Amino acid sequence: MTSFFVVIRLLSHRKWKKNCIFAGDFINIDMTKNLKLLMLSLLLCMGSTTRAKDYVLTSPDGRLTATLSNDGGLRLKVTRGAMTLVDVTDMGLDAMTTTIRSVKTTTVSEHIEAPFYRQRSFDAVARQMDVRLRGGFGLQVRAYNEGVAYRYYTTAKGETIVTDEATTFRFPDGAKAWLAYSTNDEKPFAMAFQNVYHATALNQAEHKPVFLPATVQVGSTKVTILESDLRSYPGMFLLPSGNTLKAVFARYPKSMGYYPWRGMSYVQETEDFIAKTTGPRTYPWRIMAVSDDDRQMPVNNLVYALAAPNRIGDTSWIRPGKVAWDWWNDWNLRGVDFVAGINTPTYLYYIDFAAKYHLPYVVLDEGWYDSSRGDLMHPIKDIDLQRLIEHGRQKGVGIVLWTVFNVLDEHLEEACTKYAAMGVKGFKIDFLDRNDQTAVEMAERLAKACAGHRLFVDFHGFYAPTGMSRTYPNILNYEGVFGMEECRWAKKDTDMPLYDVTFPFLRMMAGQVDFTPGAMRNGTRSNWVECYQNPVSMGTRCHQAACYVVHDTPFTMLCDTPTSYEREPDYTAFIASIPDEWDETRILLGELGKFIVTARRKGSTWYVAGQTNWDQRSLDLPLSFLSEGSYAVTMLTDGINANHNAEDYLFNKQTLRDGDTLQLKMASGGGFVLRLQTTDNKTQL
């Protein structure tokens, strides 16, 4: 007797299943007795099929269209008018079927409170398609005016093993891309998520993984791929090939090793799958943010909007603010009567400096405990931590402690309990350097535990934000940026000013950036020098000052040494006074890779800052964004000699009205900062 299995994957139409006599996907048929019946049944099934149906979703403003089809597999096409922006094919988790059982379309509208974000609150409105798939899986697609997003979910009980998530983003011919490649060719999923953006024709991009965000320009429109609500799942990388970007993921860790220095863990061996989960859940949102104007990019809110809401409750205890930082300036105090370094007298000086300029924090970076032993629970003998905390309390300055991710995780409850009781305000947590499922779970575990002890966190050595600061607002900042620290070891051909006016349009779409600005030694393109012990920034002093307005950064460093700031008290007082929380953010002028002008409002006072690449630039800045009235304007601008001496700057004051246009000049690698106060709300510099 001859038998065989016929495998049928049911397609989107219910009448396919209704008209077939087969009860399941796998049918065992005795060919000797049932050949005619088999042939007849197959013909009935084939005769009942029609062309796969398209399910169409439009954005609230009608400009974006997302079309979902199932013609042998799920496919999502995003179009604007007649132009295809991106075609997402090969969609799906390997654990799910792609048979559509039902589709329901609704409108999703949410007013989002956003503490410590780029604006206090905002509204997010989308059209949503909820697609129920066979086998307990589903797909949600949302079309916002700012882009299209989708995610999978499951209602199944028990364990789900995801071997892979197959997704290919296909773009039209002629697309241009801005991509940040992994910096580890041997182990591309193990690195710090810090690299410059490479501008390239997409079909000429290198065939190696890039980390998010990734931006592709189609015609005059830019599509940026991001993710949100990444929880208990690996983060997405993209692998360029021709006109496509294919999703790739770090495998689930099987065994871990430890580097002797810092006690930092790393993935030694991996499983043959990317994720394992239990019970019903949603998977991360895949976002295709759409921008017709570069000025829309730094203020795109989709990553934050799509993340899970606040899970820690009350946030009134969380205080954002600036921090006096030790590591970048190499503890280089001058003119003091003690040996500067990682010791109590040095940090007492930092605390006094912070108090003088109303900085709420001082961070004790690497070295306050023995990193080589991972001994987080005991400061080194030269650090009297309780004395520092008490001195800071008397001065109104909080202490923040640096640690390695897994070292804190291995002492989590013990460390949180001890240091919160001592009066520590938070942790700067460093060197995660991966985003596999267990790393993502660790990050959430740390944020949750710290919130339970009223400790905030700064995630350093970390992947780009995925909205977790909405879920855990005690996460005040993230690195995942090619920041100022690079200037300690950069080479002459490194182009920081170019990066500085590129990443706000790309990386900042994901959220906050721990760029660590504030350098007091500044170099022009011709005279910048590499110096690890006494580092120099690229670009002007005003370019550095502008970071405090241009960047989304509620917890940010003054990276240079206190004694350098004290030599220029007016400048230091000005940058220290720039707010760290904002009611509103706008991008007034700008073009990716060339320049940016950002305006942020706190109450009735506006701060406006600009930065340029190595090209000196003149701008006409209309003040039409201001409410009607007269404004006292404090101006910090590049000095007349800033092209020769990057440290040259000028303070100026004048009175302007809302209808005026201000003419501004930026030196090569330059910048500016304006403070505009209504004339009945003046403050002294």
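For clarity, every value in this text was computed on a predicted model and none was experimentally measured.
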Indicate yes or no: at least one non-hydrogen side-chain atom of I225 is less than 4.5 angstrom from one of L238. yes
Of the options D87, N243, T84, T89, which is the one that meets R170 in a side-chain hydrogen bond (donor to acceptor under 3.5 Å, both in side chains)? T89
Does G603 offer a backbone N or O that forms a donor-acceptor pair with the side chain of R601 under 3.5 Å? yes
Determine whether the aromatic ring centres of F237 and F189 lie less than 6.0 Å apart. yes
Salt bridge check, D294 against K594: does any charged N sit closer than 4.0 Å to a carboxylate O? no
Should R120 and E113 count as an ion pair when the cut-off is N to O under 4.0 Å? no
Do the charged groups of R600 and E584 touch, with an N to O distance under 4.0 Å? no
Sidechain-backbone polar pair: T155 side chain, G136 backbone, donor-acceptor under 3.5 Å: yes
May I ask you to test the T168-V88 pair for a side-chain heavy-atom distance under 4.5 Å? no
Can you spot which of F482, F193, Y197, F515 makes a ring-ring contact (aromatic ring centres under 6.0 Å, His included) with F503? F515
Are the side chains of T661 and L623 in contact, using a 4.5 Å heavy-atom criterion? no
For the backbone of S618 and the side chain of Q663, can you confirm whether one donor and one acceptor N or O come within less than 3.5 Å of each other? no
So that I can tick it off, tell me whether R286 and E165 are bridged by a salt bridge, with the cut-off set at under 4.0 angstrom between side-chain N and carboxylate O. yes
Any donor-acceptor pair under 3.5 Å linking the side chain of Y548 with the backbone of P517? yes
Between Y478, Y117, F116, which is the residue that forms a side chain to side chain contact (heavy atoms under 4.5 Å, CB included) with S469? Y478
Any side-chain heavy atom of T556 sitting closer than 4.5 Å to one from D580? yes
Counting C-beta onward and ignoring hydrogens, is there a side-chain heavy-atom pair between I112 and D123 closer than 4.5 Å? no
Identify whether NZ of Lys or CZ of Arg in R142 sits under 6.0 Å from the centre of the six-membered ring of Y144 and within 45° of that ring's axis. no
Going through the checks in order, is the side-chain contact (heavy atoms from CB on, under 4.5 Å) test met by N300 and M509? CA-CA 6 Å; N300 186 294; M509 294 180 76; 3.8 Å; yes
Who are the side chain to side chain contact (heavy atoms under 4.5 Å, CB included) partners of Q204, not counting sequence neighbours? T200, A201
To check you understand the geometry: which heavy-atom pair defines the closest contact between N474 and A447, and what is its length? ND2-O, 3.0 Å
Pairing donors with acceptors under 3.5 angstrom, does anything connect the side chains of S59 and D61? yes
Keeping T612 on the side-chain end and D615 on the backbone end, is there a donor-acceptor pair under 3.5 Å? yes
Would you please indicate yes or no on a ring centroid separation below 6.0 angstrom for F505 and W178? no
Could you check whether any side-chain N or O of N613 sits under 3.5 Å from a backbone N or O of P497, counting only pairs where one atom can act as donor and the other as acceptor? no
When you compare the side chain of L74 with that of L133, does any pair of heavy atoms fall below 4.5 Å? yes
Below 4.5 Å, heavy atoms only, C-beta onward: do L57 and T105 meet side chain to side chain? yes
Taking R80 as the fixed residue, which of T65, T221, D292 is the one that meets the side-chain hydrogen bond (donor to acceptor under 3.5 Å, both in side chains) rule? D292
Less than 4.5 Å apart, side chain to side chain, heavy atoms only: is that true for V141 and V148? yes
Decide whether Y233 and N435 meet the rule of one side-chain donor and one side-chain acceptor closer than 3.5 Å. no
Can you tell me which residue pairs pass the salt bridge (charged side-chain N to carboxylate O under 4.0 Å, His left out) test with a partner in residues 143-156, sequence neighbours excluded? R151-D229
If a pair satisfies salt bridge (charged side-chain N to carboxylate O under 4.0 Å, His left out) and one of its residues is in residues 194-213, list it, with sequence neighbours excluded. D185-K208, E206-K208
